[in-house]
There are 2 protein chains.
Amino acid sequence: MPNYQAGPLDRMFQALADPTRRVMVERLSRGPASVSELAAPLKMSLPAVVQHLQMLEASGLVRTQKVGRVRTCQLEPGALQLAEQWINDRRLQWERRLDRLGVFLAEDENQEKKT
Amino acid sequence: MPNYQAGPLDRMFQALADPTRRVMVERLSRGPASVSELAAPLKMSLPAVVQHLQMLEASGLVRTQKVGRVRTCQLEPGALQLAEQWINDRRLQWERRLDRLGVFLAEDENQEKKT
DNA sequence: ACAATACTTAAGTGGATGCCTAACTATCAA
DNA sequence: TTGATAGTTAGGCATCCACTTAAGTATTGT
């Protein structure tokens, strides 16, 4: 789609789709960190890290605030729930379907027995 | 990263990051479908749909098989678990951290009372 | 005041993504 | 056998993504 405005789920999953960003999220799930602290274990330039950070912010996963010359980043706790929710809904729908299928097959088996 | 081979989680989240593909997954969570059935509600050409389908297959979310001239697609039930797992692990880590923080604050409060 | 620190901004590059159209192949149905 | 159906293949185009380097701007420690 050309000229399509990405929704929250798009940005969220997109953010999680990159290994570098997942490492950053993992780090932040152990507590807040500055930009340089986030960058330290990553083999790339600082600007690259900041770009990733911006995607994480845009997705709502991470919140940051600058105090003095240090920008501190932390996880937005509720944010991951959005993705989790969507996945869970699919699983439920799928399981409900299998249940119905199970009932159907059971009924079918009854038919067999009657015959 | 240049020359980087995408891992399973990358492909999985990447697959889920597109609204068209999520619609396809939603459809499939209600039961198997042919390619044209998947394409029907989507405002794009068949080849485009097939490309999306290929990403879903590559991510392991969807399995397909061709019988005669029709390709039938279904969800790979366990696949979503991978993503769900990762998200859950982050949540747990975060919550454990908050617990420790809570303990720390409680202890701190005790200190205060003693003073 | 000066240098080091902690980012920030800007501009550019190569490769992946999300579409498209046109032309093709295989199956099924009459 | 001929035509309709269901996908497939190929090539092209605009945009986005993941980097880079180079050059800035605030803060802070001495």
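Lettering of chains follows the sequences in order, A, B, ..., and the numbering in each one begins at 1. Small disclaimer: the values here were computed from a predicted structure and weren't measured.
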So, is B:Arg21 near the phosphate of C:dG18, with a side-chain N or O under 4.0 Å from OP1 or OP2?
yes

Ranking A:Pro47 and B:Glu37 by the position along DNA chain D of their nearest nucleotide, the one closer to 5' is B:Glu37

Quick one: which of C:dC20, D:dT8, C:dT8 gets closest to the side chain of A:Val50?
C:dT8

I'd like to know if the side chain of B:Arg96 pairs up with that of B:Gln93 as donor and acceptor (distance under 3.5 Å, no hydrogens or angles considered).
no

Between C:dG15 (C1') and B:Asp10 (CG): distance, integer Å
16 Å

The nucleotide from C:dG18, C:dA6, D:dA18 with an atom nearest the side chain of A:Gln51 is D:dA18

Sugar-phosphate only, base, or nothing, as touched by B:Ala48 at under 4.0 Å among non-hydrogen atoms
sugar-phosphate

Salt bridge A:Glu26-A:Arg22, side-chain N to carboxylate O under 4.0 Å:
no

Would you kindly give the CE-to-C1' distance between B:Met24 and C:dG18, to the nearest whole Å?
13 Å

Please report the distance, rounded to the nearest Å, between CZ in A:Arg11 and P in D:dC16.
14 Å

B:Leu56 CG - C:dT17 C1' separation (whole Å):
14 Å

Using OP1 and OP2 only, check whether a side-chain N or O of B:Gln14 sits under 4.0 Å from C:dT17.
yes

CZ-CG distance between A:Arg97 and B:Leu28, expressed to the nearest 0.5 angstrom:
9.5 Å

For the pair made of CG in B:Leu46 and P in C:dC24, what is the distance, rounded to whole Å?
18 Å

Under 4.0 angstrom between B:Thr20 side-chain N/O and C:dG18 OP1 or OP2:
no

Any side-chain N or O of B:Ser45 below 4.0 angstrom from OP1/OP2 of C:dT21?
no

Look at the side-chain N and O atoms of B:Lys66 and state whether any lies under 4.0 Å from the OP1 or OP2 oxygen of D:dA6.
no

Most 5' of A:Asp18 and B:Arg71 on DNA chain D, judged by nearest nucleotide
B:Arg71

Taken to the nearest whole Å, CD/B:Gln54 to P/C:dA16 is 16 Å

In whole angstrom, give the distance that lies between atom NE2 of A:His52 and atom P of C:dC7.
17 Å

Taken to the nearest whole Å, CZ/B:Arg69 to C1'/D:dG3 is 11 Å

Taking B:Arg11 for the side chain and B:Glu57 for the main chain, is one N or O donor matched with an acceptor at less than 3.5 Å?
no

Would you indicate which nucleotide in C:dC20, D:dT27, D:dT20 comes nearest to any side-chain atom of B:Met44?
C:dC20

Could you pull out all donor-acceptor pairs under 3.5 Å where a side-chain atom in residues 69-83 of chain A meets a protein atom, sequence neighbours excluded?
residue, atom, partner, partner atom, Å
A:Arg71, NH1, A:Thr64, OG1, 2.8
A:Glu76, OE1, A:Arg63, NE, 2.6

